[in-house]
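Worksheet: the structure to be examined is printed underneath.
Chain identifiers are assigned alphabetically (A, B, ...) following the order of the sequence lines, protein sequences preceding nucleic acid strands; residue numbering begins at 1 within each chain. It should be emphasised that the depicted structure is a prediction, and the values quoted were computed from it without experimental measurement. Below, each value reflects all heavy atoms present in this structure, side chains not excepted, and no hydrogens, waters or symmetry copies.
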Protein chains: 2
Amino acid sequence: MHRKNPDFYFLSENNLPFSDFLHFGLSTDCVIFGYKNKALRVLLIQRGAEPYMNSWAIPGDLVYPDEDLDSSANRILQHLTGLENIYFEQFHTFGSVDRHPVGRVITVGYYSLVRSDNHKPIASTWVKEVKWFDINDLPALGFDHEEIIHKALLNLRKKVRTEPIGFELLPEKFTLLELQGVYEALLQQQFDKPNFRKKILSMDLITPLNEVESNVAHRPAKLFNFDKKRYDAKKNNEISFEL
Amino acid sequence: MHRKNPDFYFLSENNLPFSDFLHFGLSTDCVIFGYKNKALRVLLIQRGAEPYMNSWAIPGDLVYPDEDLDSSANRILQHLTGLENIYFEQFHTFGSVDRHPVGRVITVGYYSLVRSDNHKPIASTWVKEVKWFDINDLPALGFDHEEIIHKALLNLRKKVRTEPIGFELLPEKFTLLELQGVYEALLQQQFDKPNFRKKILSMDLITPLNEVESNVAHRPAKLFNFDKKRYDAKKNNEISFEL
DNA sequence: AAAACTTATAGTACTTTTTACTTTAAGAAT
DNA sequence: ATTCTTAAAGTAAAAAGTACTATAAGTTTT
């Protein structure tokens, strides 16, 4: 009951050869959320290789030997969307013994929020198609990716209540009703318009611009943007966002 | 710019040999929280082998090739504390390229909550000493374990506000003032006694017992226990715990 | 150009929750 | 019996949340 390599320093007391411990594959997978027409959606790829050929899946890749986890997730996001400065967050790591048909591959799950307008999904050698799916109407997915999306969504729903990240799903300039739509899609609950407005404005985190929306068949709403500087300043004192 | 192994299915388009991608080490590390004398504390081990010989560290181990992540964390916890049914939760995965002197080892971070009375830490071959440290008075730690503890604490503080897990730090039967002490230690804030009591009781998640504390030099407080069944039943309808 | 329509935005009244504090109760120690 | 300490219940004011109404400011229709 002793290790083959006594130089090593973990608690293990078993009789497996040490080399068995260094044969893990490591990947990152990204659940990319978008928002359009009052609905939350997810960017999926259609696989062009085995296993799960032709299945839909969330984008992911193996981590390079000299690459940090966040860098890896960021690389995938940029590669696929062509965007920089995408908001992303690690939320859970999936490592079931049998989660992967090829071998023991554990994957670090990230979710990210992108402004729906700006993305132009880019297919690659290994990807047949890239497409947005409504969160409530997903196709069958390969691997354990249904579980990953489910968990990502639960995490996002929690986070969105205490940190002002809903803005990441909207363009720089947005109306209060658009913001309300984002939160209604995220939290699956309706808000009263005047009260939502009052609450958001009282947080003092978004600034009104001297612009209004255009091409609308009614009184145009004022445009706002999120004041990240002010939030960062406030954050140091106390948490100030809560829905 | 193409993979050596075209059977593989990730997005990677680089010229590294495929085998380079399967040489990751994988471990789990556990931040074990306890509560005593109105203070939050952490169980640390003193390392008995290189690297970081004699340094203090959080307990952890390599994951076995045929072992799930949660099982691995649970094994470490049981091994070290001798307890079963310990509350634990995966919170973040740490995988910086240089986080480990021996090679590329990524670690899945867990935190756990144990009832302070019940634990009898068990040292092992690789552990010189096992000891509780006040969360505000930690020794220097090996690896990136300071970062891991810091992040565990932040996660715990968030979680404890929306899920009734504070009980995990107390014995089965506890008084309301003891519970208040736990939350004050966790959240680093004082609560008003009558109001705390009112709020907790209004949640209808703890049941009064027909017992009172003994050996106290004043009016003894009633003992309560947490009603997990009732919580699980409520949980399905809506979240009902919030501090 | 006026009227009708749609949504923005301000305002108000009511309810519930939170907060701060006071009072009484119950046992232990002297 | 008296004193001490903490439990536990109660109360009132303040704050926050909720539901709804009224007015404003545009576009479209007539």
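B/N195 places its CG atom 16 Å from the P atom of D/dA13, with the value rounded to the nearest Å. Rounded to a whole Å, the CD atom of B/E178 is 13 Å from the C1' atom of D/dT6. For the pair B/L201 CG and C/dT17 P, the interatomic distance rounds to 16 Å; values are reported in whole Å. For A/D192 and C/dA8, the CG to C1' distance is 14 Å, given to the nearest whole Å. Distance, A/Q189 CD to D/dA19 P: 11 Å, rounded to whole Å. Following rounding to the nearest Å, A/I200 (CD1) and D/dG17 (P) show an atom-to-atom distance of 12 Å. In this entry the distance linking CD of B/E213 with P of D/dT5 reads 16 Å, nearest Å. When rounded to the nearest whole Å, the span between CG of B/N215 and C1' of C/dA28 equals 11 Å.
Counting non-hydrogen atoms under 4.0 angstrom, A/L177 reaches the backbone sugars and phosphates but no base. When heavy atoms are screened at a 4.0 angstrom cut-off, B/V216 is found touching the sugar-phosphate backbone but no base atom.
Between C/dA10 and A/R197, a contact under 4.0 Å exists linking OP1 or OP2 to a side-chain N or O. Regarding contacts with the backbone of D/dG17, a side-chain N or O of A/K199 is found under 4.0 angstrom from either OP1 or OP2. Contact between the side-chain N/O atoms of A/K193 and the OP1/OP2 oxygens of C/dA8 is found at a separation under 4.0 Å.
Environment of CD in B/Q189: crowded, with over 12 heavy atoms of neighbouring residues, nucleotides or ligands closer than 6.0 Å.
A donor-acceptor pair shorter than 3.5 Å cannot be found between the side chains of B/T175 and B/K222. A donor atom on one side chain and an acceptor atom on the other are found under 3.5 Å apart for B/N225 and B/T207.
Nearest-nucleotide positions on DNA chain D for A/A217 and A/P194 put A/P194 closer to the 5' end.
For A/K198 and C/dT12, a side-chain-to-base donor-acceptor distance below 3.5 Å is present, hydrogens and geometry of angles not being considered. Side-chain atoms of A/R219 and base atoms of C/dA8 include a donor and an acceptor less than 3.5 Å apart.
Ring pair A/F241/A/F167 is perpendicular by interplanar angle, where above 60° counts as perpendicular and below 30° as parallel.
Not one N or O on the side chain of A/Q90 forms a donor-acceptor pair closer than 3.5 Å with the backbone of A/D70.
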